[in-house]
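Small disclaimer: the values here were computed from a predicted structure and weren't measured.
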Amino acid sequence: AAYAVVWLKLSAPKRLTVGLALPEDFEAAGLEPPPKRIFYQGLTKFLVIEEGQAVPGRLAGWARRAYEEALSADRLK
């Protein structure tokens with residue numbers, strides 16, 4: 001099961017879109033529902049980083065939580 005996926009947009013303006021397999025009720029500033037035209041089964045929260053923006057320091061914690069969620073017994077059923 002995927003717990004995180006990154007889409008790169010290399011044409012201007014450059015952008016990273018990070019999808020995470022977080023619980024549906026997980027809330028954090030900066031995380032959003034799926035952007036238009038992006039669907040990846042199991043990914044529930046997304047972070048969009050535009051060119052020039054800093055990567056949030058909380059991303060490592062979110063990724064760790066997504067990894068744990070993807071491996072949880074409920075997800076593997």
Side-chain angles (χ1 to χ4, degrees):
Y3 67 93
V5 175
V6 176
W7 289 268
L8 306 171
K9 180 180 174 264
L10 298 176
S11 59
K14 295 178 182 175
R15 174 185 318 129
L16 292 175
T17 302
V18 181
L20 299 163
L22 291 164
E24 292 286 342
D25 61 352
F26 187 90
E27 296 290 332
L31 293 178
E32 305 170 358
K36 292 180 182 177
R37 297 182 298 186
I38 291 184
F39 175 78
Y40 199 103
Q41 186 175 358
L43 302 183
T44 58
K45 304 294 178 179
F46 291 78
L47 170 67
V48 177
I49 304 168
E50 301 287 345
E51 185 173 6
Q53 286 182 316
V55 174
R58 301 174 309 249
L59 181 57
W62 295 340
R64 189 171 22 263
R65 178 69 173 96
Y67 177 75
E68 293 166 357
E69 180 70 11
L71 294 179
S72 73
D74 291 338
R75 281 281 182 124
L76 295 176
K77 289 182 181 176

Chemist: When you group the ILVMFWY residues by side-chain heavy-atom contacts below 4.5 Å and let the links chain together, are Trp7 and Phe39 in the same group?
Modeler: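 Shared cluster, no.
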Chemist: Work out which heavy atom in Ala2 is nearest to a heavy atom in Ala21; give both atom names and the distance.
Modeler: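 Looking at all heavy atoms of both residues, the closest pair is O-CB, 3.8 Å.
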Chemist: Would you say the side chain of Lys9 lies within less than 4.5 Å of the side chain of Ser11, judging by non-hydrogen atoms?
Modeler: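 Ser11 vs Lys9: side chains touch.
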Chemist: Is the count of non-hydrogen atoms from other residues, nucleotides or ligands lying under 6.0 Å from Phe26 atom CZ greater than 12?
Modeler: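 Yes.
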Chemist: I'd like to know if Leu16 and Leu31 are part of one continuous hydrophobic network [Ile/Leu/Val/Met/Phe/Trp/Tyr, side-chain heavy atoms within less than 4.5 Å].
Modeler: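 Yes, it is one cluster - the side chains of Leu31 and Leu16 are joined through contacts under 4.5 Å.
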Chemist: Can you establish whether the number of heavy atoms outside Lys14 located under 6.0 Å from its atom NZ is more than 12?
Modeler: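 Incorrect, the count does not exceed 12.
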Chemist: Please report the closest heavy-atom contact between Tyr3 and Ala70, naming both atoms and the distance.
Modeler: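 That closest heavy-atom pairing would be CB-CB, 3.6 Å.
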Chemist: Can Leu8 be reached from Ile49 by stepping across I, L, V, M, F, W or Y side chains whose heavy atoms are under 4.5 Å apart?
Modeler: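 Same hydrophobic cluster.
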Chemist: Got a donor-acceptor contact below 3.5 angstrom from the Thr44 side chain to the Glu24 backbone?
Modeler: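 Judged by distance alone, no pair lies under 3.5 Å.
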Chemist: Taking all atoms of both residues into account, what is the closest heavy-atom pair of Lys45 and Pro23, and its distance?
Modeler: CE-O, 3.8 Å
Chemist: Under the 3.5 angstrom rule, does the side chain of Arg58 hit a backbone N or O of Ala29 as a donor-acceptor pair?
Modeler: yes
Chemist: Just wondering, more than 12 heavy atoms not from Glu50 lying within 6.0 Å of its CD?
Modeler: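 Enclosed.
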Chemist: For Leu43, run the side chain to side chain contact (heavy atoms under 4.5 Å, CB included) check against Val5, Ile38, Leu22 and tell me which one passes.
Modeler: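 Of the listed options, the one satisfying the test is Val5.
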Chemist: Shortest non-hydrogen contact from Leu20 to Ala4?
Modeler: CD2-CB, 3.8 Å
Chemist: Hey, is Glu68 close enough to Arg64 for a salt bridge, meaning N to O under 4.0 Å?
Modeler: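 No, Glu68 and Arg64 are not salt-bridged.
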